[in-house]
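Only a predicted model underlies this, so the values are computations on that prediction, with no experimental measurement involved. Heavy-atom basis, side chains included; hydrogens, waters and symmetry copies ignored. The first residue in the sequence is number 1, and the count goes up from there.
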Amino acid sequence: MMATHHLLRLLGILAAVSIGATQSTTVRIMPLGDSITGSPGCWRALLWRKLQAAKITNTKFVGTLPAQGCGFTYDGANEGHGGYLATGIVAKKQLSDWLAQTHPDVVMMHLGTNDVWNNQSPEAILAAFGTLVDWMRASKADVKILVAQIIPMSPPNCAQCAARVVALNAAIPAWAAGKNTTLSPLVVVDCWTGFDAVKDTRDGVHPNDSGNLKLADAWFGPLVRAIQG
Ligand SMILES: *[C@@H]1O[C@H](CO)[C@@H](O)[C@H](O)[C@H]1NC(C)=O
Ligand SMILES: *[C@@H]1O[C@H](CO)[C@@H](O)[C@H](O)[C@H]1NC(C)=O
């Protein structure tokens, strides 16, 4: 009897150890941005579906905003605030509160579109990005940060916006390298290359079906590496 009891205990411990080795802990992911991310931001639904197809299920998307309808149920909490500027989020000190409510391990940020639209300079936008990164690290010292080179735009009311996006995107890698740390890696995600502001958006700004597919593809590899790294 005694031997059986010990054997069962041992088997239980071995089972627990092997489960621990195969099932990683849940990784909390915050999509941070504006309407391109949040309203409805169906590229996130496609991205979530790609994770399920790849059997990467140890994720929880977090944010104070709920999923919007994208045709199927998905894990869609997010911090994609329509109309928001990176410089505005910093001026209003909004991110710290969102972080305190949601505790992300990974932040995937696609911001700057509304800053560009409102003619904020790349320097001002990157200074705001820097403050946002500081707040993320204050929330979690080893947070992993993915920063998008944002999708192109060509809204009818802004002839200069296309070039402004190019200028911002061009400045992001050097800024990111300067802000990078071993503890809290910051990775640049190229959402721009291959994305057509006319064919892949419904209005020169917001992704349509083809744009959503491209955004999901752009984020997938970097996000998987952040989840598994
Ligand atoms: C930051 O460092 C990580 C390795 O820790 C690297 O993978 C990543 O590309 C670096 N990011 C930048 C912007 O240089
Ligand atoms: C995306 O929108 C553009 C312009 O509105 C249109 O030409 C294109 O056919 C759309 N593509 C898809 C897949 O919805």
Any idea which heavy atoms bring Ser154 and Val198 closest together, and the distance?
OG-CG2, 4.1 Å
Indicate if Leu51 and Val27 have the same hydrophobic cluster label, given that clusters are the connected sets of ILVMFWY residues with side-chain heavy-atom separations under 4.5 angstrom.
yes
Taking Thr57 for the side chain and Gln52 for the main chain, is one N or O donor matched with an acceptor at less than 3.5 Å?
no
Check whether any side-chain N or O of Asp115 sits under 3.5 Å from a backbone N or O of Leu85 as a donor-acceptor pair, and report yes or no.
no
Considering only heavy atoms from C-beta outward, does the side chain of Thr181 approach that of Arg137 to under 4.5 Å?
yes
To check you understand the geometry: which heavy-atom pair defines the closest contact between Ile36 and Thr113, and what is its length?
CD1-OG1, 3.5 Å
Taken to the nearest 0.5 Å, the spacing of Ser184 OG from Lys140 NZ works out to 9.0 Å
So do His103 and Val62 actually touch side chain to side chain, heavy atoms under 4.5 Å?
no
Ring-plane angle category for His81 and Trp98, please: parallel below 30°, perpendicular beyond 60°, tilted otherwise.
parallel
One thing to verify: whether Asp75 and Arg44 come together as a salt bridge, which I'm taking to mean a side-chain N less than 4.0 angstrom from a carboxylate O.
no
Do Val147 and Val187 have side chains that get closer than 4.5 Å, going by heavy atoms?
no
Under 3.5 Å, side chain of Asn58 to main-chain N/O of Thr25, donor-acceptor pair present?
yes
Are the side chain of Lys144 and the backbone N or O of Ala226 linked by a donor-acceptor pair below 3.5 Å?
yes
To the nearest 0.5 Å, what is the distance between CD1 (Ile125) and CG (Asn118)?
9.5 Å
Do side-chain atoms of Gln149 reach the backbone of Asn169 as a donor and acceptor pair under 3.5 angstrom?
yes
Do Pro207 and Ile151 have side-chain heavy atoms sitting under 4.5 Å apart?
yes
Checking side chain to side chain contact (heavy atoms under 4.5 Å, CB included) for the pair Ile145/Val133: CA distance, chi angles, key distance, verdict?
CA-CA 8 Å; Ile145 304 164; Val133 166; 3.7 Å; yes
Here the pair of heavy atoms bringing Trp135 nearest to Ile89 is CZ3-O, 4.0 Å
SG-CG distance between Cys70 and Leu46, expressed to the nearest 0.5 angstrom:
7.5 Å
Measure from the side-chain N and O atoms of Arg28 to the backbone N and O of Lys60, and report whether any donor-acceptor pair falls under 3.5 Å.
no
Please check this pair: side chain of Asn180 against backbone of Gly178, looking for a donor-acceptor N/O pair closer than 3.5 Å.
no
Heavy-atom nearest pair, Cys191 first then Ala148, reads SG-CB, 3.8 Å
Taking atom types as modelled and ignoring hydrogens, do the side chains of Thr131 and Asp134 form a donor-acceptor contact shorter than 3.5 angstrom?
no
Would Leu215 and Phe195 satisfy side chain to side chain contact (heavy atoms under 4.5 Å, CB included), going step by step from the backbone distance to the final call?
CA-CA 8 Å; Leu215 266 178; Phe195 195 105; 4.3 Å; yes
Walk me through whether Gln94 and Tyr84 qualify under side chain to side chain contact (heavy atoms under 4.5 Å, CB included).
CA-CA 11 Å; Gln94 289 162 311; Tyr84 280 35; 3.6 Å; yes
Is it true that Trp43 and His110 have ring centroids separated by less than 6.0 Å?
no
Is there side-chain contact between Met136 and Met109, with at least one heavy-atom pair below 4.5 Å?
yes
Could you tell me which non-hydrogen atom of Ile150 sits nearest to which non-hydrogen atom of Trp192, and how far apart they are?
O-CD1, 3.1 Å
Do you know the tightest heavy-atom contact between Cys161 and Pro155?
CB-CD, 4.0 Å
Non-hydrogen side-chain atoms of Ile29 and Ile227 separated by less than 4.5 Å:
yes
Is there a side-chain contact between Met30 and Asn78 in this structure, where contact means two heavy atoms from C-beta onward sitting under 4.5 Å apart?
no
Verify the ring-centre separation between Trp48 and Phe61: is it less than 6.0 angstrom?
no
Can you pull out every side-chain hydrogen bond (donor to acceptor under 3.5 Å, both in side chains) where at least one residue sits in residues 204-220? Sequence neighbours excluded, please.
Ser35-His206, Lys50-Asp217, Asp200-Ser210, Asp200-Lys214, Asp203-His206, Asn208-Ser210
Cation-pi check for Tyr74 against Arg49: NZ or CZ below 6.0 Å from the six-membered ring centre and within 45 degrees of the axis, yes or no?
no
Gap between atom CH2 of Trp117 and atom CZ of Arg164 - 0.5 Å precision
11.5 Å
Gln68 vs Ser39, test: side chain to side chain donor-acceptor pair (under 3.5 Å). Steps then yes/no.
CA-CA 7 Å; Gln68 294 191 17; Ser39 14; 4.7 Å; no
From the options Leu111, Leu99, Val107, select the one residue that forms a side-chain contact (heavy atoms from CB on, under 4.5 Å) with Leu132.
Leu111
Sub-4.5 Å side-chain heavy-atom contact between Thr87 and Asn114
no
